[in-house]
Amino acid sequence: MTGVDDWFAARGWTVFPFQRAVWEAALAGESGMLHATTGSGKTYAVWFAALLRAMAAQPRKDKRKAAGLRVLWLTPMRALAADTLRALSDSAADLLPGWTIDARTGDTSSAARARQARRLPEALVTTPESLSLMLSKADAQEQFSLLDMVIVDEWHELMGNKRGVQAQLALARLRNWNPGLVVWGLSATLGNLQRAQEALLGPAAHGTIVEGSLRKEIVVDTLIPANPSRFPWAGHLGIQMLGPVIAEIERHATTLVFCNTRSQAELWYQNMLEARPDWAGLIALHHGSLDKEVRDWVELGLKRGTLKAVVCTSSLDLGVDFLPVERVLQIGSAKGIARLLQRAGRSGHAPGRVSRVTLVPTQSLELLEAAAAIQAVQDRDIESRPVPDKPLDVLVQHLVTVALGGGFTSAALYGEVRTAWSYRELTPEEWQWALDFVARGGQSLTVYPEYRRVLPDEAGVYRVPDAAIGRRHRMGIGTIVSEAMIQVKFQSGGRIGTVEEGFIARLNKGDHFLFGGRVLEFLRVHEMTAYVKRATGARGAVPRWQGGKMPMSSELAHAALEQMRLATEGIVRGPEMAAVRPLLDIQARWSALPTPQRTVIESLHSREGHHLFMYPFAGRSVHIGLASLLSWRMGRMRPATFSIAVNDYGFELLAPEEVPWPDVFAAGTGSGVALFTTEGLLEDVLASLNATELSQRRFREIARIAGLIFQGYPGQPKSNRQLQASSSLFFEVFRKHDAGNLLLTQAQREVLEQELELKRLRATLEALQARAVSYHETKRATPFGFALMVERFREKLSTEKLSDRVARVLRELEKAAGP
DNA sequence: GACCTGCTGCGGTATG
């Protein structure tokens with residue numbers, strides 16, 4: 001390419017074949033996706049800049065104006081946007097002489113905003129949300145009329161969620177305005193790259209997938225506990241491994257210690273400091289509830305290499321490339337192979353260097369998981385990311401955005417929306433429903449003017465009739481919904497972070513709690529802010545946040561079953577399996593090891609009642625569905641009530657009275673077990689769980705994305721109670737007066753697909769039918785069962801209705817009274 | 001042989 005080769009040569013940089021492949025395709029006007037297996041954001045910024053230079057040199061067709069926005073670079077994070085901007089304007093400035101390059105995100109300075117309002121730069125780095133906001137401006141089409149190219153960084157992070165769907169809709173709009181638009185995505189490795197590309201480019205497009213050629217070397221290993229046979233059978237904190245972890249940190253310059261939860265990170269940080277007081281100031285804590293200022297300080301320390309270790313959650317998964325990071329430790333299960341690779345990639349972040357992640361088990365079965373993960377990484381058996389299918393809440397938001405951004409006619413926008421992959425099968429009826437919903441508020445809200453958000457003029461162009469509605473809408477653009485949080489501040493002023501309302505509500509004045517790596521004393525709460533001061537001495541509670549409960553992935557679960565199959569054949573590979581061997585031996589002796597060919601079921605009679613344990617290894621959400629389903633189906637055959645406990649490996653049903661399990665599981669293979677049938681699965685699942693309550697919780701999020709609920713002005717947030725009250729009001733009104741409301745349907749579908757993983761549940765039932773049943777009556781809890789019993793004490797899920805419980809107590813009283 | 005599980009990401013009004 002003219003000039004560009006020289007530019008690279010002058011710096012002694014090699015031009016790789018995959019770079020040239022992208023350049024050539026893009027210059028020929030093709031879109032596509034780069035499967036990026038290595039390289040920092042900076043590298044990509046530079047060689048995309050080289051591409052832009054080449055494009056700029058091409059003569060432009062029918063575009064008279066010389067200046068204006070030509071390239072849009074989307075990133076999922078503001079921090080990434082800032083880094084990309086820096087890379088483009090520092091390292092690549094001389095590639096793009098005369099270009100203005102700028103970023104625009106929610107925290108862009110007002111000076112930058114004013115500058116951009118006068119004239120947009122040639123290249124703009126921004127987020128999907130900010131792009132949607134730009135689409136809501138009346139002159140949007142004019143602003144984007146010179147656009148040649150869009151680059152979407154870290155597309156794998158967006159494609160699987162509603163943020164990605166919002167990006168799809170925005171891209172459909174940009175493509176419609178600029179038919180020759182070239183779109184390139186950058187994606188990490190995943191199981192469905194082809195789908196990732198379709199989602200990015202639209203159902204009709206055929207793009208090119210370019211393989212980033214440098215295959216990164218990745219090492220996964222495990223810290224083996226000193227005395228594996230005395231390692232706990234249950235638990236998740238893993239503080240027994242403190243010594244070995246400290247020793248690892250000691251041996252390396254900079255280490256990231258990933259934890260699965262924020263409270264776990266707090267506890268690990270505190271324990272590390274207690275063990276090594278001399279590390280004060282050298283180690284730090286980083287998670288999503290800490291104040292931005294604190295997090296910025298930690299990130300800077302990592303970049304400069306002044307920190308020895310950072311204990312963090314997935315808040316450091318993405319983004320900023322911290323070159324000095326030498327070691328990555330993962331405390332507890334990684335839950336999935338993609339996540340593990342992502343975290344490994346935080347170390348050795350330079351071409352030619354090895355990325356290494358070390359697993360730190362918190363209980364015995366995580367040694368098995370570690371062995372499985374290592375095998376799956378070797379096989380590159382990486383999870384897919386499913387793309388959401390026509391979420392109508394996002395569409396409804398988009399309709400108002402477009403009505404503000406110049407207006408639309410029904411037929412034209414319907415056509416455009418269907419070029420977004422997620423809406424490729426949107427029916428005319430669904431379209432009409434969505435349009436009606438923003439035009440009249442659907443069937444039940446017609447009398448409220450604030451829900452008549454768009455109005456057609458005589459020409460049939462839909463616009464937003466009222467400035468106040470437009471303002472409110474712009475304030476609510478985006479698809480990320482979070483619970484209301486309480487700010488935590490020192491009485492003297494400094495911000496520390498945010499905790500959940502419910503946690504603060506349980507505290508009394510003078511109580512201590514651990515947060516942000518310090519022991520704090522709670523003073524008072526005022527207007528969604530909790531005031532605290534530093535406390536001395538006793539530790540006190542650790543805040544809990546109501547986070548998502550990610551299940552172990554199918555890929556990892558299958559690999560774990562496979563490891564056990566090998567173990568039953570006497571094949572023990574690697575130190576992990578050797579260490580977990582004693583536990584597996586006990587399990588095999590007292591009962592059996594589950595394998596891909598065999599379902600292990602155990603029953604046990606204890607003082608608590610009659611237990612049934614089963615280990616399908618299908619992840620916790622499937623196990624919730626499966627446990628509820630089996631107890632419901634069992635209850636239909638004969639009256640019975642059960643308490644349920646689940647983890648990623650299996651579930652427990654506990655009944656107060658004896659249940660004839662041997663009869664149920666006598667068949668020898670799963671296909672003889674009536675409880676495992678997939679017939680009537682949907683109906684039974686809906687009936688067995690409290691589906692309405694689950695849908696209602698889901699609906700909260702949908703109602704906020706669809707713009708039904710105003711979340712308050714910045715700086716004056718509404719409390720959860722206020723937000724929930726209005727969402728349940730809408731839920732009830734729709735159920736009573738507007739049963740055909742498609743947002744209700746969507747809430748139920750999201751519960752089934754995402755929370756209960758219905759597809760995976762069905763696949764699990766089919767697998768169970770194909771497997772042999774290995775049924776054991778045991779005298780005491782096996783190692784696998786023990787973990788479930790512990791789980792039950794923590795979290796009491798019960799299918800027992802109050803009336804049933806009363807009836808049972810009565811029966812017991814009668815029995816006790818005797819004849 | 002009884003536990004301190006539950007992530008991340010963005011965006012914004014109107015001024016006295």
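Computed from a predicted structure; not experimentally measured. A note on names: the letters A, B, ... follow the listed sequences, proteins ahead of strands, and every chain is numbered from 1.
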### Query
Can you check whether A/Arg113 has a side-chain N or O nearer than 4.0 Å to OP1 or OP2 of B/dG12?
yes
### Message
Under 4.0 Å, counting only non-hydrogen atoms across every strand here, what does A/Gly470 touch: a base, just sugar-phosphate, or nothing?
### Response
nothing
#### Entry: Among B/dG12, B/dG9, B/dT8, the one nearest A/Arg262 by side-chain distance
B/dT8
#### Entry: Sugar-phosphate only, base, or nothing, as touched by A/Pro232 at under 4.0 Å among non-hydrogen atoms
base
### Task
Could you check how far CG of A/Leu285 sits from P of B/dC7, rounded to whole Å?
13 Å
### Query
Closest to the A/Met475 side chain: B/dC7, B/dT5, B/dT13?
B/dT13
### Query
What integer distance in Å separates A/Phe710:CZ from B/dG12:P?
13 Å
### Query
Salt bridge check: are A/Asp585 and A/Arg589 linked by an N-O gap of less than 4.0 Å?
no
### Out of B/dG11, B/dC4, B/dT13, whichever nucleotide has its closest atom nearest the side chain of A/Tyr713
B/dT13
### Task
Measure the distance from CD on A/Glu366 to P on B/dT5 and round it to the nearest whole Å.
12 Å
### Message
At less than 4.0 Å, is any side-chain N or O atom of A/Arg544 found next to OP1 or OP2 of B/dG6? Yes or no.
### Response
yes
Give the table of side-chain donor-acceptor pairs shorter than 3.5 Å for residues 702-714 of chain A, with sequence neighbours excluded, one pair per line with atom names and distance.
| from | atom 1 | to | atom 2 | distance (Å) |
| --- | --- | --- | --- | --- |
| A/Arg704 | NE | A/Gln711 | OE1 | 3.3 |
| A/Arg704 | NH2 | A/Ser482 | O | 2.9 |
| A/Arg704 | NH2 | A/Gln711 | OE1 | 3.0 |

### Query
What about A/Trp545: does its side chain form a donor-acceptor pair under 3.5 Å with the base of B/dG6?
no
### Query
Does the distance from a Lys or Arg side-chain N to an Asp or Glu carboxylate O, for A/Asp648 and A/Lys335, drop under 4.0 Å?
yes
### Message
Given B/dT5, B/dG11, B/dC7, identify the nucleotide with an atom nearest to the side chain of A/Thr313.
### Response
B/dC7
### Query
Nearest-Å distance, CD (A/Glu157) to C1' (B/dC7)?
11 Å
#### Entry: A/Glu608 with A/Arg792: basic N within carboxylate O range, under 4.0 Å
yes
### Message
If I take atom CE in residue A/Met485 and atom C1' in nucleotide B/dC7, what distance separates them, rounded to the nearest angstrom?
### Response
11 Å
### Summary
note: A/Leu131, atom CG; B/dG12, atom P; distance rounded to Å ~ 12 Å
### Message
Which residue is it: A/Arg700, A/Lys162, A/Arg698? I am looking for the one with a salt bridge (charged side-chain N to carboxylate O under 4.0 Å, His left out) to A/Asp393.
### Response
A/Lys162
### Message
So A/Gln546, base contact, sugar-phosphate only, or nothing? Heavy-atom distance under 4.0 Å.
### Response
sugar-phosphate
### Query
Is any side-chain heavy atom of A/Trp268 closer than 4.5 Å to a side-chain heavy atom of A/Leu237?
yes
### Task
Starting from P on B/dG9, measure out to NZ on A/Lys292 and report it in whole angstrom.
11 Å
### Message
Looking at A/Ser315, I'd like to know whether one of its side-chain N or O atoms comes within less than 4.0 Å of OP1 or OP2 on B/dG9.
### Response
no
### Query
Among B/dG1, B/dG11, B/dT5, which is the nearest nucleotide to the side chain of A/His236?
B/dT5
### Task
In plain terms, say whether A/Glu129 and A/Arg163 are close enough for a salt bridge, that is, a side-chain N and a carboxylate O under 4.0 Å apart.
yes
### Summary
Contacts of A/Asn647 and A/Arg230 projected onto DNA chain B by closest heavy atom; the upstream (5') one is A/Arg230
### Query
Does a nitrogen or oxygen in the side chain of A/Ser130 sit under 4.0 Å from OP1 or OP2 of B/dG11?
yes
### Message
Here's a test of your reading of the structure: between A/Asp648 and A/Glu608, which maps to the more 5' nucleotide of DNA chain B?
### Response
A/Glu608
### Query
Base, sugar-phosphate, or nothing: which does A/Lys335 touch, judged by heavy atoms less than 4.0 Å apart?
base
### Task
For A/Phe258, report the nucleic acid contact type (base, sugar-phosphate, nothing); a contact means any heavy atom under 4.0 Å.
nothing
#### Entry: Atom-pair distance (CD on A/Gln240; P on B/dT5), nearest Å
11 Å
### Task
May I ask you to verify whether the side chain of A/Arg163 and the base of B/dG11 hold a donor-acceptor pair under 3.5 Å?
no
### Message
Does A/Ser314 contact B/dC7 through a side-chain donor or acceptor facing the base, at a distance under 3.5 Å?
### Response
yes
### Query
Of the nucleotides B/dC10, B/dG1, B/dG11, which has the atom closest to the A/Leu133 side chain?
B/dG11
### Nucleotide nearest A/Phe786 (side chain, heavy atoms from C-beta), chosen from B/dG1, B/dT8, B/dT13
B/dG1
Only pairs under 3.5 Å count here: list side-chain donor-acceptor contacts from residues 284-291 of chain A, not counting sequence neighbours, and write none if there are none.
| from | atom 1 | to | atom 2 | distance (Å) |
| --- | --- | --- | --- | --- |
| A/His286 | ND1 | A/Ser315 | OG | 2.8 |
| A/His286 | NE2 | A/Glu299 | OE2 | 2.9 |
| A/His287 | ND1 | A/Ser289 | N | 3.2 |
| A/His287 | NE2 | A/Glu266 | OE2 | 3.0 |
| A/Ser289 | OG | A/Arg262 | NH1 | 2.9 |
| A/Ser289 | OG | A/Trp545 | NE1 | 3.1 |
| A/Asp291 | OD1 | A/Arg495 | NE | 3.0 |
| A/Asp291 | OD2 | A/Glu293 | N | 3.1 |

### Task
Look at all strands and tell whether A/Gly288 reaches a base, only sugar-phosphate, or nothing, counting heavy atoms closer than 4.0 Å.
sugar-phosphate
### Message
At 4.0 Å (heavy atoms only), tell me whether A/Thr362 reaches a base, stays on the sugar-phosphate, or touches nothing.
### Response
nothing
### Message
Is there a side-chain contact between A/Ser132 and the phosphate of B/dG11, meaning an N or O under 4.0 Å from OP1 or OP2?
### Response
no
### Query
Are OP1 or OP2 of B/dT8 and a side-chain N or O of A/Arg343 less than 4.0 angstrom apart?
no
### Query
At under 4.0 Å between heavy atoms, what does A/Ser482 touch on the DNA or RNA strands: base, sugar-phosphate, or nothing?
base
